Amino acid sequence: MVEADLHQVYGVDVESGVLRARSWRWLRTRIVGLLSCESRLARSFAPSEHHWPRR
């Protein structure tokens, strides 16, 4: 979910090697950001009555 969301939301291709040039703080900030927007990751942690509609 995280890899797909990073690509969809931020345009980050994990396989490109970009993460080697970034800090853990950079990655953590984006993962936390995925929890606060409509994403697979956020839906997986959301209470069942608060799920966003699927696209």
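Throughout, residue positions are numbered sequentially from 1 according to the sequence presented. All of these numbers come straight from a predicted model, not from anything done at the bench.
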For this session: Please tell me if the side chains of His7 and Val12 come closer than 4.5 Å, counting only heavy atoms from C-beta onward.
Result: no

Exercise. With a 4.5 Å limit on heavy-atom distance, are the side chains of Gln8 and Arg40 in contact?
Worked result: yes

For this session: Determine whether Val9 and Met1 fall in the same hydrophobic cluster, where Ile, Leu, Val, Met, Phe, Trp and Tyr are linked whenever their side-chain heavy atoms lie under 4.5 Å apart.
Result: no

For this session: Group every Ile, Leu, Val, Met, Phe, Trp and Tyr by side-chain heavy-atom contacts under 4.5 Å, then state whether Val32 and Phe45 land in the same group.
Result: no

Exercise. What are the two closest non-hydrogen atoms of Cys37 and Ala42, and how far apart are they?
Worked result: O-CB, 3.2 Å

Do any side-chain atoms of residues 14-23 form donor-acceptor pairs under 3.5 angstrom with protein atoms, and if so which ones, sequence neighbours left out?
residue : atom : partner : partner atom : Å
Ser16   : OG   : Asp13   : O            : 2.7
Ser16   : OG   : Val18   : N            : 3.3
Ser23   : OG   : Arg25   : N            : 3.4
Ser23   : OG   : Trp26   : N            : 3.1

Exercise. Which is it for Asp5 and Ile31 under the side chain to side chain contact (heavy atoms under 4.5 Å, CB included) test, yes or no, and what are the steps along the way?
Worked result: CA-CA 9 Å; Asp5 284 346; Ile31 292 172; over 6 Å; no

